[in-house]
Q: 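Right, I'll just put the structure down here and ask away after.
Keep in mind that what you see is a predicted model, and the values were worked out from it rather than measured. Quick note on labels: first sequence line is chain A, next is B, and so on, each numbered from 1.
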Amino acid sequence: MKKKDGAIARPAMVSAGRPLKRRIMDNWQLYAMLLVPVVLTVIYKYIPMYGIQIAFRDFKASKGMWGSEWIGLEWFERFFSAPTCWRMIKNTLLLSFYSLLWGFPIPIILALMLNQLRFRRFKRATQTVLYAPHFISTMVICGMIRIFLSPSGGLINLIAGTSIDFLTESSAFRTIYIASGIWQDAGWGIIVYMATLANVDTSLYEAAKVDGASMFQRILHIDVPQLSSIMVLNLIMSAGGLMNVGFEKVWLLQTDLNKAASDVIAVYVYQQGIENAKYSYSTAVGLFNTAVNIVLLMAVNKMASKISEDTSFV
Amino acid sequence: MNYVRANVKAGRPTGFSERASDIVLVVICAAILFIVAYPLYYVLVASVSDPYDVYAGKTFLMPSRFTMDGYTAVFADPGILTGYWNSIKYTVVGTVFSVVMLYLSAYPLSVKNLPGRKWISIFFIITMYFGGGLVPTYLVVKHTGLINNMWALFLPGGVSVGNMIIVRNFFENSIPKEMVEAAEIDGASQWETFIRIVVPLSRSIMAVMVVFSMVAYWNDWFTSMIYLPGTERAPLSLVLRNILIKSSASASQASTISGGYAELNKLTEMIKFSSIIVAAAPMLIAYPFVQKYFEKGFMAGAVKG
């Protein structure tokens, strides 16, 4: 990952011949600007990271995060012996795998199509409308889903002439989750691809046209290669977040009857940690989730760099 | 060649197959537009129609038995009004705070010869990939005394690293070095350069960041749910949970209705539609104004230069 981010790897320019101490003194105003963001990051990002150790302790509020008794892997053992443990892991992986499977290619296809539109106003208007759902709260989206899927008078049932209560069917849950996710975010997802495609040298299109290339051929041979590196980057990012199923939507769409498909780790972490105040246990479950994610991210990253070495794809 | 170029510029198809693929493209795009826009349109129509007609399927295209009762009820509900006010407050304070934090962290990191720049960047970027998780963060917020304090919404997530990188790259790629150097030669301090040169020259990326922040704060409910448990502090999205997800009328509505259970039920259904519009409208109205900056911002910010 870090290899790809040029800004990180770029070495600080050394102004010739001035001692480090002097250069630091010269820049005191810049360091002062950084002070508040750094302090906030230490307090609210790094101290919680250090606090993960309560996953291996028996946290008692009276003894605090650093004073509670060490108990090793007991919380992890408890999680793996919980009756719904494997169901949650399976649901989490399936939900994000299918989201990725559908959610990854659709923005690319949309961007490639929109980029070919020659009617500027129509293109602009289409983009505006496609972005709209991204600006709506998950709460409102889930409210809309519930209204549309209502067995009595819901839009879907009205159109189909049925009265199915979709949210009580666990077999429908994944489809609802993924379809609504695409509706909400595929339009916004095109933005980075559109920005990349805007860089394509238009003389390439003209040359291709003169050579008699069809629209489809132009997309395939001019546009797609331009997008390949950003596509790989996006794929790595999403694959690394495969265990990061968002809490909000699943929780708001969950009913007692669809739990066979909607029981995921993120909801469990919230329920155990915040609702039941089982701090140590919840932290352990969350840590397990993060650990799987990091392993996935590293594996995908390795695979991607291998592909890029072999075929200079990136 | 010139002929082709002229046609491309004018946006005219150059042949039959070109024209055919143009038409196919427009039809597909129109279908996609419909799929994206129709659910929102349907909610808008339903919000001004009689709920019985909505549930009988008479409002697919046009309102039926036009009524504004849903909106009247929404704006008469003290719970929703308080939520609306809270959301405005959190959005304004949070956006100002976040954008200030973003600028204060992004600018120093864009200065190439700042000693330690690389390490400070890594220090921030690590938090994008790894965090303490829900409970440890919650415990720290609790220890710092922010439960039921609105700053719990701003301080823990105040430094958005993803946006910080976009802004930093914008500074690196789009602020002319000569202007910064000229200011420094004229004796401006680093702070003065930042305020007088960098901030005014980065209005486009600032507009994008303001909208991103506004949307994030306006739509947030989870942070409020765990850190601000008092109902009088709930933002609009969280208030809507009772209406949209739990489908329960608030006590205040029940007491103002005289027509009994059926009337209350009808009103509850109407409020669902109108509250969706009321909650979604501000952001849907705001974003098209900065839309043209989105791609520019991503170009200058996401591309590493």
Side-chain angles (χ1 to χ4, degrees), chain A residues 6-8 12-13 15 20 23-24 27 29-30 33-34 36-37 40-41 44-45 47-49 51-52 65 113 116-118 126 128-130 132-133 135-137 139-140 142-144 146-147 152-153 155 158 187 191-192 194-195 206 209-210 214-215 248 252 269-270 273-274 279 282-283 286, chain B residues 4-5 8 11 17 21 25 29 33 36-37 39 42-43 55 57 101 104-105 108 111-115 117-118 121 124 127 132-137 139-140 155-156 158-159 189-191 215 219 221-222 226 237 240-241 244-245 272 276 279-280 283-284 287-288 291 294-295 298-299 302 304:
Chain A
I8 308 167
M13 216 160 62
S15 19
L20 182 66
R23 283 194 294 134
I24 292 176
N27 289 307
Q29 291 184 338
L30 295 180
M33 288 165 74
L34 279 166
V36 178
L40 283 180
T41 305
Y44 292 108
K45 303 285 181 193
I47 294 180
M49 281 186 219
I52 288 178
M65 281 167 119
M113 280 190 342
Q116 292 296 327
L117 269 184
R118 259 183 294 214
T126 309
T128 308
V129 174
L130 283 182
F135 293 92
I136 300 173
S137 157
M139 182 67 80
V140 169
C142 291
M144 285 170 66
R146 279 177 178 259
I147 289 174
S152 56
L155 184 62
L158 283 176
I191 207 165
V192 60
M194 293 299 278
E206 290 163 27
K209 270 188 190 174
V210 171
S214 71
M215 181 187 285
E248 299 192 356
L252 293 175
V269 167
Y270 167 76
I274 305 296
Y279 295 140
S282 170
T283 307
Chain B
V4 174
R5 179 174 295 150
V8 171
S17 71
S21 43
L25 209 57
C29 286
L33 270 185
V36 173
Y42 179 80
V43 172
Y55 286 95
M101 285 298 117
L104 287 183
S105 52
V111 177
K112 288 246 158 62
N113 54 8
L114 182 73
R117 179 177 100 122
K118 182 181 152 196
S121 292
F124 283 118
T127 65
L134 182 66
V135 167
T137 309
L139 291 175
V140 170
L155 296 182
V159 188
S189 70
Q190 286 168 323
W191 175 253
V215 171
N219 288 340
W221 55 273
F222 180 67
I226 56 175
S237 319
L240 291 186
R241 182 166 157 239
L244 294 174
I245 309 296
K272 281 188 186 177
I276 285 179
M283 294 304 125
L284 291 183
Y287 84 87
Q291 188 193 334
F294 288 156
E295 274 162 40
F298 269 88
M299 290 276 279
K304 279 148 278 176

Q: Heavy-atom distances under 4.5 Å only: say whether B:Trp221 touches chain A with side chain, backbone, both or neither.
A: side chain

Q: Side chain from CB out, backbone as N, CA, C, O: work out which of these in B:Leu155 comes under 4.5 Å of a heavy atom of chain A, or both, or neither.
A: both

Q: Between B:Val36 and chain A, which part of the residue has a heavy atom less than 4.5 Å away: side chain, backbone, both or neither?
A: both

Q: Among the options A:Leu40, A:Leu117, A:Val269, A:Thr128, pick out the one with the most heavy-atom pairs lying under 4.5 Å from chain B.
A: A:Thr128

Q: Considering only heavy atoms from C-beta outward, does the side chain of A:Ile147 approach that of B:Ile276 to under 4.5 Å?
A: yes

Q: Only pairs of heavy atoms separated by less than 4.5 Å count here; which of A:Gly187, A:Gly143, A:Pro37, A:Pro133 has the most with chain B?
A: A:Pro37

Q: Atom CG in A:Leu252, atom CG in B:Leu244: separation rounded to 0.5 Å?
A: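 Going from the CG atom of A:Leu252 to the CG atom of B:Leu244 covers 9.5 Å.
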
Q: So B:Pro136 and A:Met65, do their side chains get closer than 4.5 Å, heavy atoms only?
A: yes

Q: For the residue pair B:Ser237 and A:Met139, what are the closest heavy atoms and their distance?
A: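 That closest heavy-atom pairing would be O-CG, 3.1 Å.
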
Q: Please state whether the side chain, the backbone, both or neither of A:Thr126 comes within less than 4.5 Å of a heavy atom of chain B.
A: both

Q: Can you list the residues that meet the salt bridge (Lys or Arg N to Asp or Glu O under 4.0 Å) rule with A:Lys45, with sequence neighbours excluded?
A: none

Q: Considering all heavy atoms of both residues, which atom of B:Val135 and which atom of A:Ser282 are nearest to each other, and what is their separation?
A: CG2-OG, 3.3 Å

Q: Closest approach of A:Phe135 and B:Asn219, non-hydrogen atoms and distance?
A: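 Smallest heavy-atom distance, with atoms named: O-ND2, 3.1 Å.
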
Q: What residue in A:Val140, A:Thr283, A:Leu34 has the most heavy-atom pairs under 4.5 Å with chain B?
A: A:Leu34

Q: Is there side-chain contact between B:Ile226 and A:Tyr270, with at least one heavy-atom pair below 4.5 Å?
A: yes

Q: Which one wins on heavy-atom pair count under 4.5 Å against chain A: B:Gly158, B:Cys29, B:Pro39?
A: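 Result: the option with the highest number of such pairs is B:Pro39.
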
Q: Flag the one option from B:Phe222, B:Tyr55, B:Tyr287 with the top tally of heavy-atom pairs under 4.5 Å to chain A.
A: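 Heavy-atom pair counts peak at B:Tyr287.
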
Q: Output the option from B:Arg241, B:Gln190, B:Met283 having the highest count of non-hydrogen pairs under 4.5 Å with chain A.
A: B:Gln190

Q: Looking only at heavy atoms, which two atoms of A:Ile52 and B:Gly132 are closest? And how far apart?
A: CG1-O, 3.6 Å

Q: Do you know which two heavy atoms are closest between B:Leu25 and A:Met113, and how far apart they sit?
A: CD2-O, 3.7 Å

Q: Most heavy-atom pairs under 4.5 angstrom with chain B, which of A:Leu155, A:Ile274, A:Val129?
A: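 Of the candidates given, the most pairs with chain B belong to A:Leu155.
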
Q: For A:Tyr279, which residues count as a side-chain hydrogen bond (donor to acceptor under 3.5 Å, both in side chains) partner, sequence neighbours excluded?
A: none

Q: Please give me the minimum heavy-atom distance between A:Val36 and B:Met101, naming the atom from each residue.
A: CG1-CE, 3.6 Å

Q: Do you know which of B:Ser105, B:Ala37, B:Gly133, B:Pro288 has the most heavy-atom pairs with chain A at a distance under 4.5 angstrom?
A: B:Ser105

